[in-house]
There are 2 protein chains.
Amino acid sequence: METEDRLLTPGEVASLFRVDPKTVTRWAAAGRIGSIRTPGGHRRFRESEVRALLEGDAEAQTGFEAGHSTH
Amino acid sequence: METEDRLLTPGEVASLFRVDPKTVTRWAAAGRIGSIRTPGGHRRFRESEVRALLEGDAEAQTGFEAGHSTH
DNA sequence: AAAGAGTAGGGTAATTGGGGCT
DNA sequence: TCTGTCCCAATTACCCTACTCT
């Protein structure tokens with residue numbers, strides 16, 4: 001019942017979103033995206049979650065405040 | 001609590017964390033993760049410990065529902 | 001006994017984490 | 001407020017050859 005989806009590295013997620021890996025790190029630190037940490041401290045992201053975010057699944061997304069237009 | 005004695009290979013643990021098998025070996029050498037050595041010198045890892053490490057770290061993350069904070 | 005896949009070990013390059021700043 | 005870039009330190013990835021496991 002567990003979703004064994006693949007994990008993505010910060011760099012891969014950054015490429016998917018076309019942003020700097022540092023930005024992905026900030027998202028994780030802010031709790032906007034779930035993250036798994038390796039014993040070494042590096043982050044890994046669930047592909048399914050990233051996909052959902054990329055798909056524009058804004059229905060159940062956070063940070064969707066009052067009509068805040070995109071930057 | 002029973003001890004999950006199922007042992008995982010470095011490659012399996014590496015797949016779970018999305019890292020290189022050599023990195024898992026490094027974790028064991030650094031004492032970050034418990035390891036059992038075969039008479040031949042190969043390492044084996046306890047699944048229960050690996051699972052704990054994978055889920056042990058979870059900051060605020062999405063997936064539950066939209067946390068509508070009036071922020 | 002032989003073969004293939006996986007693993008150990010060492011060394012070097014690339015990526016990542018964290019803080020601070022343009 | 002959010003993102004990109006610079007710094008340095010730590011972690012991780014890929015190269016090789018030799019040994020172990022099935």
Side-chain angles (χ1 to χ4, degrees), chain A residues 2-71, chain B residues 2-71:
Chain A
E2 48 209 83
T3 316
E4 285 291 342
D5 48 2
R6 289 173 297 180
L7 297 178
L8 302 176
T9 63
E12 291 174 323
V13 178
S15 296
L16 260 31
F17 280 98
R18 299 291 234 113
V19 296
D20 192 88
K22 209 69 167 182
T23 299
V24 179
T25 294
R26 291 201 181 98
W27 292 343
R32 289 196 245 238
I33 181 174
S35 63
I36 304 242
R37 312 273 297 215
T38 67
H42 284 201
R43 295 188 181 84
R44 295 282 112 103
F45 305 90
R46 295 192 177 286
E47 184 181 41
S48 58
E49 188 176 353
V50 174
R51 293 275 184 196
L53 260 34
L54 283 170
E55 290 290 323
D57 193 358
E59 205 59 34
Q61 226 170 299
T62 62
F64 201 92
E65 304 129 42
H68 211 121
S69 57
T70 54
H71 181 24
Chain B
E2 75 278 359
T3 27
E4 193 69 47
D5 283 310
R6 191 150 104 84
L7 298 178
L8 302 177
T9 63
E12 291 175 319
V13 178
S15 297
L16 260 32
F17 279 96
R18 211 333 190 152
V19 296
D20 191 272
K22 213 53 86 60
T23 298
V24 179
T25 294
R26 213 172 291 113
W27 293 342
R32 295 183 198 276
I33 182 175
S35 62
I36 298 188
R37 312 274 295 207
T38 66
H42 286 198
R43 295 188 180 84
R44 296 281 114 98
F45 305 90
R46 294 189 179 286
E47 183 179 35
S48 59
E49 187 177 357
V50 175
R51 292 286 182 188
L53 257 42
L54 274 172
E55 303 176 18
D57 175 79
E59 303 180 34
Q61 53 192 88
T62 61
F64 296 99
E65 54 182 63
H68 243 97
S69 343
T70 20
H71 181 37

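Note: hydrogens, waters and symmetry copies are ignored here, and every other heavy atom, side chains too, is used. What you are looking at is a predicted structure, and each value in this text was computed from that prediction instead of being measured. In what follows, chains are A, B, ... by sequence order, proteins preceding strands, each numbered from 1.
When distances are taken from the side chain of B:Val19 to each of D:dT12, C:dT16, D:dC2, the shortest belongs to D:dT12.
At a cut-off of 3.5 angstrom, the base of C:dG17 holds no donor-acceptor pair with the side chain of A:Arg37. For B:Lys22 against C:dG10, a side-chain-to-base donor-acceptor contact under 3.5 Å is present.
One can place CD1 of A:Ile33 at 16 Å from P of D:dC2, the figure rounded to the nearest angstrom. The CG atom of B:Asp20 sits 15 Å away from the P atom of C:dT15 (whole-angstrom rounding). Atom-to-atom, CZ of A:Phe17 to C1' of D:dC2 comes out at 15 Å; the value is rounded to the nearest Å. Regarding A:Leu8, its CG atom lies at a distance of 12 Å from the P atom of C:dT16, rounded to whole Å.
Across every strand in view, D:dG4 sits in a pair with C:dC21 that passes the Watson-Crick or G-U test at under 3.5 angstrom.
Salt-bridge annotation for B:Glu47 and B:Arg51: present, with a side-chain N of the basic residue lying under 4.0 Å from a carboxylate O of the acidic one.
Between A:Thr9 and A:Arg26, the residue anchored closer to the 5' end of DNA chain D is A:Arg26, taking for each the nucleotide with the nearest heavy atom. Comparing A:Phe45 and B:Phe45 against DNA chain C, the residue whose closest nucleotide sits nearer the 5' end is B:Phe45. When each of A:Pro10 and B:His42 is assigned the nucleotide of DNA chain C bearing its nearest heavy atom, the one mapping closer to the 5' terminus is B:His42.
Crowding of A:Arg18 atom CZ: a count of heavy atoms from other residues, nucleotides or ligands under 6.0 Å not exceeding 12.
A sub-4.0 Å separation between OP1 or OP2 of D:dC2 and a side-chain N or O of A:Trp27 is absent. For A:Arg44, no side-chain nitrogen or oxygen approaches OP1 or OP2 of C:dT15 to under 4.0 Å. Residue A:Thr38 places at least one side-chain N or O closer than 4.0 Å to OP1 or OP2 of D:dT12. A sub-4.0 Å separation between OP1 or OP2 of C:dA8 and a side-chain N or O of B:Thr25 is present.
In this structure, the ring of B:Trp27 has its center less than 6.0 angstrom from the ring center of B:Phe17.
Taking all atoms of both residues into account, the shortest heavy-atom contact from B:Arg43 to B:Thr25 is NH1-CG2, 2.8 Å.
A distance of 6.0 Å separates CG in A:Leu7 from CZ in A:Arg46, rounded to the nearest 0.5 Å.
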